[in-house]
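Not measured: the values here are computed from a predicted model. We name chains A, B, ... by the order of the sequence lines, and we start the count at 1 in each one.
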Protein chains: 4
Amino acid sequence: MTVHLSSLDTEARIILNVGGTRFETFKSTLKKLPATRLSKLTEQLSSYDPILNEYFFDRHPGVFSQVLNYYRTGKLHYPTNVCGPLFEDELSYWGLQREDVEPCCWMTYTKHRSTQETLQILDSLELDTLRSSKDDIVKKFGWEDNLDYVQGRLPKYKKVMMIVWQIFEEPRSSTVAKVITVISIFFILVSILSFVLQTVSLFRIIEIDFVTVYINSTSTDRTPTLNTQQVHPAFEVVEWICNAWFIFEILVRFIVSPNKKDFCKSVLNIIDFLATFWFYCTYALSKLNVNDNEALDLLSTIRIMRLFKLFNHHPGLKVIITSMQYSSSVLWLLIFFVLIAVAIFASLIYYAERMTTKKSDDNMFTSIPDALWFNIITMSTIGYGDLYPKTMLGMIVGAVSTVAGLLIIDLPMPIILETFANFYTHLRARSKLPKTRRKIGPV
Amino acid sequence: MTVHLSSLDTEARIILNVGGTRFETFKSTLKKLPATRLSKLTEQLSSYDPILNEYFFDRHPGVFSQVLNYYRTGKLHYPTNVCGPLFEDELSYWGLQREDVEPCCWMTYTKHRSTQETLQILDSLELDTLRSSKDDIVKKFGWEDNLDYVQGRLPKYKKVMMIVWQIFEEPRSSTVAKVITVISIFFILVSILSFVLQTVSLFRIIEIDFVTVYINSTSTDRTPTLNTQQVHPAFEVVEWICNAWFIFEILVRFIVSPNKKDFCKSVLNIIDFLATFWFYCTYALSKLNVNDNEALDLLSTIRIMRLFKLFNHHPGLKVIITSMQYSSSVLWLLIFFVLIAVAIFASLIYYAERMTTKKSDDNMFTSIPDALWFNIITMSTIGYGDLYPKTMLGMIVGAVSTVAGLLIIDLPMPIILETFANFYTHLRARSKLPKTRRKIGPV
Amino acid sequence: MTVHLSSLDTEARIILNVGGTRFETFKSTLKKLPATRLSKLTEQLSSYDPILNEYFFDRHPGVFSQVLNYYRTGKLHYPTNVCGPLFEDELSYWGLQREDVEPCCWMTYTKHRSTQETLQILDSLELDTLRSSKDDIVKKFGWEDNLDYVQGRLPKYKKVMMIVWQIFEEPRSSTVAKVITVISIFFILVSILSFVLQTVSLFRIIEIDFVTVYINSTSTDRTPTLNTQQVHPAFEVVEWICNAWFIFEILVRFIVSPNKKDFCKSVLNIIDFLATFWFYCTYALSKLNVNDNEALDLLSTIRIMRLFKLFNHHPGLKVIITSMQYSSSVLWLLIFFVLIAVAIFASLIYYAERMTTKKSDDNMFTSIPDALWFNIITMSTIGYGDLYPKTMLGMIVGAVSTVAGLLIIDLPMPIILETFANFYTHLRARSKLPKTRRKIGPV
Amino acid sequence: MTVHLSSLDTEARIILNVGGTRFETFKSTLKKLPATRLSKLTEQLSSYDPILNEYFFDRHPGVFSQVLNYYRTGKLHYPTNVCGPLFEDELSYWGLQREDVEPCCWMTYTKHRSTQETLQILDSLELDTLRSSKDDIVKKFGWEDNLDYVQGRLPKYKKVMMIVWQIFEEPRSSTVAKVITVISIFFILVSILSFVLQTVSLFRIIEIDFVTVYINSTSTDRTPTLNTQQVHPAFEVVEWICNAWFIFEILVRFIVSPNKKDFCKSVLNIIDFLATFWFYCTYALSKLNVNDNEALDLLSTIRIMRLFKLFNHHPGLKVIITSMQYSSSVLWLLIFFVLIAVAIFASLIYYAERMTTKKSDDNMFTSIPDALWFNIITMSTIGYGDLYPKTMLGMIVGAVSTVAGLLIIDLPMPIILETFANFYTHLRARSKLPKTRRKIGPV
Ligand SMILES: [K+]
Ligand SMILES: [K+]
């Protein structure tokens, strides 16, 4: 009887030979998930071996134990000893969906998803291109279907364009390109240094005007009056030289650019153009005796934005910017939350101080915007000391806002930091690998 | 003889076929843990196969090797290559308790416990609900057993209530709801901006009263006296408009709320009501010529709390608050420990400075509360510079308290941060998954 | 011929049945590690099965594949899918040493070592003891071998001692103990509050003495002279009440303590005694008309150390202290390195400022100790602003020392933080587990 | 027909017995990766067993399932349950390249690469050497091929050199060496303490010169004039003693050094020599009546660099320096990025403040270098308060630069910190392991 039951039991069982490892389960188990490879097994399939009474599948046996368990328990868990994509490949072979994963394995699922995203983003940044091949450049210029090119008879000016383009746009492609890069960086730094040093009184000329004062009808006296300080003329010479280079560089780069529209849309090019253009503008205005006021000067700070051009020369800086973009949702959340906290605590401290200060002159917080500034400087733990509470109540509000601020700013930090660290470590891992990989032959 | 022993040995052994993989052990091993599935194996069970002389179990073979090892060594270790819940399912199948885990695996055990807790908490936050179905709303209003509803003949006013409720309470449910949300946020921001700008002297009117001074019996003179600054009347208009909206919004939301009691208990609604009520109160008081003093103003800061209503519109803010609640035990520990440290170092620096300062006017620390404030500002590394030690002894105490403060504040930080990061990453992982899952058929 | 080679080859092979899984290897492979279980296999062993021509071992098959690989490759790697102690148990069964592990797996090896250490330390802290059993208390008092106790006839005063001991030493053992705890904490806080408020001028009485001034021989005038401020007498009353409790508490606790010597050695008890003793001392001195000078006051800060007694009531605080002790080597390294950096940069900035300041009055750095203080305040990013460089050279030195300081302080931080987080998470994991575990039957 | 197909199917299959575990796959699968061990299998190989119709390989079966999957899917993933080097050993056995790994497993691949690098670097630091053996020292001196040494008849002066060398260069090799180390550290600390205290006015002698002033022709008066403060002569004595030791130590160490050239190249020795040399130089100059000006004093700060010699006595300090060197690329990236941000925000705040300040005297930012200093102090959250924006526009620029600064500095921090923590934890793991390991016998 036992034997009978048992043989019935054996009848109900099915053997799956997955890559040499035998798995056994009840036939009914495989019917639990309809419309999958395993639920549709019949003995007519070529994978069925009637002698051994088993089905053979040339797949990973270790991962299959996890797949089969999904049929048994109705719960799909990710294994943690194989890489995620490998498991997903197996899932798709067995006709399962990776979204069926249990909540406790979501993290595993989304982690390698985001790893793949990170790798794609890093690929799109084109960080490693040292030197494009000739064909790539031709493709950029859109000449690949050009009859001349196909016949190998590109006109000389086109060849020159390609060479010049590579010199100016791929900084490490050749010795000439490197020299141009160094010159470009040199002029950017000189221009900015000149901009900075102009403001130092040491490098300014004090023009003293004398005013003739009539003391009485017969005697006059000349009294010196301190006039506005003037920039030393040497700076003007330096700036003219720098801007000569900048206008030369931008013109050459514009002429040889394969796509003028894209060139004009680039933020770095716009900054470059505006900074150069503004220099000549200012000069023209001063010649026309338009008094340069502070507003003009403020606009001239655009030239310091040229420093962003250095970003082209360091992959790390590109990574910083990209990782900031990809963690911007947390960043905005952080800024938004900080602003709410700042607003609430600023109001509280403003009224706390105003209420409890006896002499109103002692109160440093003259308005809520003042208190907002105080709270920003406090929450960032800078604490200049230009404003601080003086009354007991103000101090208590200040202490609470300090604790709140520390928590609010510190809480989302690890998430932003992790995003950046993730990008950076992948970039570093990537740079250590060979560019060419073994080709897999066809089956 | 060897053969004999060996065959005896084989007799004592038992073969367990778990999902196709054969495990062998001594029968005596299985008796070590009484009252479990494996300790009660007999050949009468249907899982026994007399031909192969083995017991068949349709379970995960990989996890079973860990289970069997518990019988062998008496120690239950968690495997790290499968997800925790999967292992616990297997344990319960084999009649084992998950609490039997060894101390070295506690972390693994509790980690996925807390993962499941986190997921439950996130579920309870109702972060994703964009638009409830009609049935859900009816259920909220408690009309699901209503005869009218079952017959599909709900009175019109009830239908309107449901529509209006959804517009005001589910911000992203429809275009109208979105418009209402934008209007609501706009008025909150305008009201707060008005509140902030009122305190800026630029936007205040200085009322100058003239006092007639009698110089002598015949001549008088009018001397200007600077009177209190008055808020510009434009602000009053803005506030009236804002508060008109607020009273309209809160009334509508109250009327259509399915549960008036819960509505009144909500903290956000109380804030909303108080802020609106206070506005009309203040107005009435000023009409009654009650002088508005600073205490009244302080209470009016409650309107800035309306900013918390924005939390309804961003899941991230809810997550911040929730994660703070769940790490509050560490937070209080941190605050408590900091307060002890602050108290001790404040006393020390107060006496250190008082003892070694020669002229008592040089001493900035006039009392221990002053020193407490100094220590809070120092430990948070803000350092306004309003108070600082001037004597050698005070400086040494200050330096030691700085180091102690940094350590005390920094130590529990990672734990708080981890809680938040855990919540946030799960939330993000969750948002990437489809809402509907494959249904598992019955066995 | 191929067959012949092959059969020879089979002769050289050995089959190992480990827990049902067959492993095959060359016999020569097993000879590589002499004096281990596998190198000593002979067919005479009872584990040898002559029919199947294999050796049976009732051990974990998964871990064995890693063990066998040690014989094959001569390198012992830790598997990462099982818990460390489980692997070490298997190693010791197979006669291998866990120290043979490869350098790349040292981390794995030492990680679970330190996990076990952490668990032992946490056990030794006695964090969970809510209420000792009667037997445990008797053991503490050393009466377990006492004839009276064995016969159940302990004298009444001994029973009272035990009850009182539990009330005072185990704060959560009974309702009475909880009340005593609350009273004790209340008096500590009142005493400290009184200590703090005494220094506030609001609570001080200004004694005005009148000095009779002889204006001329006939008329005198009384001029008020501001005398020293006196502490309000109410504080004295409060302090007497508090100290009455403290002396009562310490006496009771001393009398009922099972081990007077250990009691006197406890740091908390010494603080408690000194603080109480000092109060009566000060009182006696003031009665004897000894002027209380600042030195006396400084010593009275010892009463604020009573706050440390609160540590007995919170396991988290014990964990903080313990984890600080266990990361003290890094802490001292940090402090030592910071001091070197501070000394070097202080010298540099002192001379940098002295050299380049034109007027010596402008120089804020009057000595190197001043510069040391400046550097400590700068490196901890507090920056009171009492001292700061004013010359270009001083600013550059200051900026470099800022960067250096940030790095030096931040670098060892994660290690200290990790130690604490490790302790804390284990503590939390531990508190979630049941105290009793299943008993494993004998083989 | 099915049977026929199936038998054909079986023909096409191949059985691989890897360490006792059978793997089955199609023969065609193994041809996908040409020129590997598996693609070249023939029945003539000795590993072929014609009876069982399988190939036997004495390798790790678990890892092989991952290897075989590479043939099946064309994708090589790293398993996460075994140590990386173990997998790489298997890869090289099967004739595969570890660089064929998929992008998603790069991190795993490079992680254990860098672990091995870290271990090599730690080895090269020679952190543990307590006491070199006699042979090692002889090798250092290059006497190992010396005939005298081989015959055991080294001249006495050479033996003395070796002993003295060990005393001075291996601080923990013997009691004498420990005493010398303590003396050396003592004199370094005394010398630096003397240097620091010389600048304190308390320890300086104020020389008062009297100037005879002729009041009128008959009476004169002597008016005291404050002359320059002089260093107390006791300091000179202390310095002479210290420098006597330093010159003795450096001379002895130079004489016994095995390689004079390497000795002179060592940075610590150069510092030591310069500091000692400068002391005698300064003395000579003062004797020659050359006025010691500040430039001389600044150079004398080199003596404080002697503190770096303490690094030889603590392995932790060596680890800090080394880990800084290995994360220097991120460090420079950080500094570079911060400088760009500082430059841009400094320009903006300079013009923002200049434009909107009404009275130019109120403006604290007199030049862009001033603004640069302000931004450095703000971004590091020090905030001395010597400079701060006073206008609304300046405050907004300041707030934005604060946020930007926090992000820019905090982002790369975890990467630098991780490098250090990695070094430190490996060092700690290493120190817990025994120095001698089991020897693996030959096959
Ligand atoms: K500050
Ligand atoms: K600060």
Side-chain angles (χ1 to χ4, degrees), chain C residues 2-3 5-6 9-10 15 22-26 28-29 31-34 65 68-69 72-75 77-81 97 99-100 102-107 110 113 333 337 340 343-344 347-348 350-351 354-355 366-369 378 381 383 385 388 392 395 399 402 406 410-411 414-415, chain D residues 17 19-20 44 46 48-50 56 58-62 80-86 89 112 115-116 119 192 196 199-201 294-295 297-298 301 304-305 307 314 316-317 320 369 373 376 380-386 413 417 420-421 424-426 429-430 432-434 437-438 440-441 443:
Chain C
T2 316
V3 177
L5 260 173
S6 178
D9 195 54
T10 311
I15 298 175
R22 265 81 184 174
F23 291 89
E24 271 180 79
T25 191
F26 294 110
S28 59
T29 302
K31 301 294 175 202
K32 282 194 200 170
L33 292 168
S65 74
L68 190 56
N69 211 52
R72 287 192 192 110
T73 60
K75 285 173 187 168
H77 290 281
Y78 264 66
T80 53
N81 57 342
Q97 292 166 330
E99 288 87 359
D100 295 345
E102 284 295 298
C104 53
C105 296
W106 283 349
M107 289 301 297
T110 51
R113 285 277 104 184
L333 175 62
F337 202 24
I340 291 181
I344 289 170
S347 310
L348 288 178
Y350 172 73
Y351 283 108
R354 214 177 77 169
M355 262 177 69
T366 56
S367 64
I368 291 185
T378 297
T381 74
Y388 49 85
M392 193 72 82
M395 284 174 176
T402 299
L406 287 177
D410 283 4
L411 276 180
I415 294 155
Chain D
N17 176 351
Q44 277 69 45
S46 69
Y48 182 65
D49 184 337
F56 176 73
D58 191 14
R59 304 303 298 182
H60 194 293
T80 54
N81 57 342
V82 291
C83 191
L86 189 157
D89 279 357
H112 68 80
T115 301
Q116 287 176 328
L119 291 169
I192 285 160
V196 167
T199 64
V200 181
S201 57
E294 263 89 24
D297 281 6
L298 186 64
T301 57
I304 218 154
M305 303 285 178
L307 282 171
H314 199 303
L317 294 173
I320 289 181
W373 168 249
I376 290 168
S380 58
T381 75
I382 293 175
Y384 292 123
D386 52 341
M413 262 296 158
L417 297 182
F420 177 75
Y424 193 84
T425 46
H426 273 98
R430 199 162 163 269
K432 284 183 186 163
L433 279 171
R437 300 252 306 280
R438 179 198 290 267
I440 310 298
V443 187

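To the nearest 0.5 Å, atom OH of residue C:Y388 and atom CD1 of residue D:I382 are 14.5 Å apart. Considering OG of C:S347 and CD1 of D:I192, their distance stands at 8.0 Å, rounded to 0.5 Å. If you take SG on C:C104 and CD on D:Q116, they are separated by 6.0 Å, rounding to the nearest 0.5 Å. To the nearest 0.5 Å, atom CZ of residue C:R72 and atom CG of residue D:D58 are 4.5 Å apart. In this structure, CZ in D:R59 is found 10.0 Å from OG1 in C:T25, a value given to the nearest 0.5 Å. If you take CD1 on C:I368 and CD1 on D:I304, they are separated by 6.0 Å, rounding to the nearest 0.5 Å.
Residue C:P414 touches chain D through its side chain alone, counting heavy-atom pairs closer than 4.5 Å. Contact annotation for C:I15: neither backbone nor side-chain heavy atoms come within less than 4.5 Å of a heavy atom of chain D. Proximity to chain D is limited to the backbone of C:T366, based on heavy atoms less than 4.5 angstrom apart.
The residue among D:T381, D:D386, D:I376, D:L119 with the most heavy atom pairs within less than 4.5 Å of chain C is D:D386. Between chain C and the options D:V196, D:T115, D:L307, the largest number of non-hydrogen pairs under 4.5 Å is found for D:V196. Residue with the most contacts toward chain C among D:G385, D:C83, D:G19: D:G19 (heavy-atom pairs, distance under 4.5 Å). Note on C:S65, C:A399, C:C105: by heavy-atom pairs under 4.5 Å with chain D, the leading option is C:S65. Interface remark: of the candidates D:D89, D:L86, D:T80, D:V200, D:L86 forms the most heavy-atom pairs closer than 4.5 Å to chain C.
Taking every heavy atom of both residues into account, D:W373 and C:M395 meet most closely at CZ3-O, 3.2 Å.
C:H77 is not listed as a side-chain neighbour of D:V82, based on a closest heavy-atom distance of 4.5 Å or more. Residues C:P369 and D:T199 form a side-chain contact, since some pair of their non-hydrogen atoms from C-beta on lies under 4.5 Å apart.
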